[in-house]
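The structure appears right after this line, and notes come after that.
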Amino acid sequence: MAKRTLDAFFKPSTPPKRPKTEPTTISTPETNNTPIEDTKPPSQHQSYPIPIAQLPSHIEVGLEHATPATAPREINNQPHLDLLHFQPYIPRPTANELFKFLRRELPFYRVQYTARRGDIETQINTPRWTTVFGVDETSTFIQQDNNPNSLVLLESKTKAPTPKTKYQCTPRPIPACLDLLRRQVEAANATADTKNPSYNFCLVNYYANGDDSIAFHSDDERFLGPEPNIASLSLGGERDFLMKHKPFVSGGNTNRTGGCVPDAAHAMSGPGGTGVTRASSIVSGGTSGTMSNPESRPAATVPLQQIKMSLGSGDMVVMRGATQSNWLHSIPKRKGKAGEMTRGRINITFRRAVIPGGTNNYYHYNVGSGGMYRWDEVSREMVLQDGKV
DNA sequence: GAGTATAAACACG
DNA sequence: TCGTGTTTATACT
């Protein structure tokens with residue numbers, strides 16, 4: 001902070017701020033002084049409700065030169081648990097900038113659907129905002145000419161146009177701002193793990209405050225294939241990420257669907273994908289059950305171990321191997337007055353779907369059929385955009 | 001996986 | 001250490 005005289009202290013230190021809509025200088029292509037970050041055209045596609053801006057150059061540079069910010073820590077000291085934790089993956093200041101950018105630029109949805117429990121139907125309003133991009137591996141977006149926005153959906157094998165009847169939804173290509181991140185996360189995984197993942201889906205969740213959450217579930221749907229690799233990046237406010245081993249019916253086998261969890265999740269959005277920890281801790285408690293790993297436990301039911309991790313801005317957790325088939329995860333609600341735990345948080349998950357059923361599921365549960373919302377900087381909340389889907 | 005009810009855990013004085 | 005108000009965890013629908 002610069003020194004000021006006592007006299008100056010009692011006067012306004014800065015002139016009144018100019019409204020943001022009034023640019024201080026006029027930049028035109030002719031004068032060639034337009035900031036680089038404003039020159040890249042947005043990602044556009046017929047499947048998008050709005051054009052999606054490209055990353056400002058300062059964020060892009062941060063992503064290209066400063067990730068991974070730390071080497072990953074392996075967490076595999078529990079049965080069937082196989083995690084990588086980058087703490088953080090993106091330097092915190094860059095992660096916070098990326099958080100604000102994505103909240104401002106992406107279209108979001110508040111998905112509602114009806115769930116049947118026994119013979120009664122209940123209306124579910126998912127307590128978080130979501131959006132999704134990508135298509136399963138049986139189809140591919142192919143660029144038609146030099147224009148990156150000329151993507152057409154083709155059959156991966158035959159390169160024939162994908163039939164209109166193949167999907168009950170309109171798959172959307174991953175926009176440039178998220179695709180850069182996707183490529184980098186794949187690369188980070190490749191160096192940390194010889195199994196090189198390639199993601200074709202990007203799910204984004206926005207948790208506006210401590211009331212937004214996602215219940216315990218696994219991302220173990222068949223359309224992800226066996227032992228899916230799911231990378232989960234956390235941006236913005238810090239939130240707890242809980243993991244617990246699936247309960248197990250007596251008999252102690254290690255079947256991969258693991259346990260008696262009823263149809264855990266319609267793939268819903270990524271668990272928060274969140275990840276893990278500033279300080280992960282084992283919390284005993286929760287339901288009791290018989291572990292599927294008999295050699296390390298008495299036969300009687302024992303408290304299942306629970307892991308609690310605090311995810312800060314820029315942290316990334318990669319869930320691998322047998323994790324999804326044996327563990328549940330959640331982002332619980334958190335009370336409090338506008339603290340770090342109740343700030344807005346974005347979670348991005350990258351994953352690979354292998355069959356069309358995955359595409360239909362993700363768009364159904366992460367876009368739905370309601371209206372599209374966008375972040376409004378004035379009211380500081382998501383606002384419904386008339387008529388846009 | 002959501003909403004609600006209730007029990008358990010925690011914070012504070 | 002107890003009492004009370006809150007927050008968190010679990011059971012059930």
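Just so it is clear, the model here is predicted, and its values are computed rather than measured. Numbered from 1 within each chain, the chains take letters A, B, ... in sequence-line order.
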How many Å lie between CZ on F216(A) and P on dG3(B), as a whole number? 17 Å
L328(A) CG to dA11(C) P, in whole Å, measures 13 Å
Whether R345(A) side chain and S313(A) backbone form a donor-acceptor pair below 3.5 Å: no
Whole-Å distance, L242(A) CG to dT7(C) C1', equals 14 Å
Going by the rule side chain to side chain contact (heavy atoms under 4.5 Å, CB included), which residues pair with P51(A) if we only count those two or more places apart in sequence or in a different chain? P42(A), Q44(A)
Please report the distance, rounded to the nearest Å, between CG in N205(A) and P in dA2(B). 11 Å
Can you check the K333(A) NZ to dA2(B) C1' distance for me, whole Å? 8 Å
Donor-acceptor contact below 3.5 Å, side chain R352(A) vs main chain S198(A): yes
Length of the line joining D211(A):CG and dG3(B):P, which is rounded to integer Å: 10 Å
Any side-chain N or O of R334(A) under 4.0 Å from OP1/OP2 of dA9(C)? yes
Can you tell which of dA9(C), dT8(C), dG3(B) lies closest to the side chain of K335(A)? dT8(C)
Residue of the set N200(A), T162(A), L154(A) for which side-chain contact (heavy atoms from CB on, under 4.5 Å) holds with S139(A): T162(A)
When the distance from CD1 of I331(A) to C1' of dA9(C) is rounded to whole Å, what number comes out? 16 Å
Report the nucleotide, chosen from dA9(C), dA2(B), dT8(C), that has the shortest atom-to-atom distance to any side-chain atom of P127(A). dA2(B)
Whole-Å distance, Y207(A) OH to dA2(B) C1', equals 14 Å
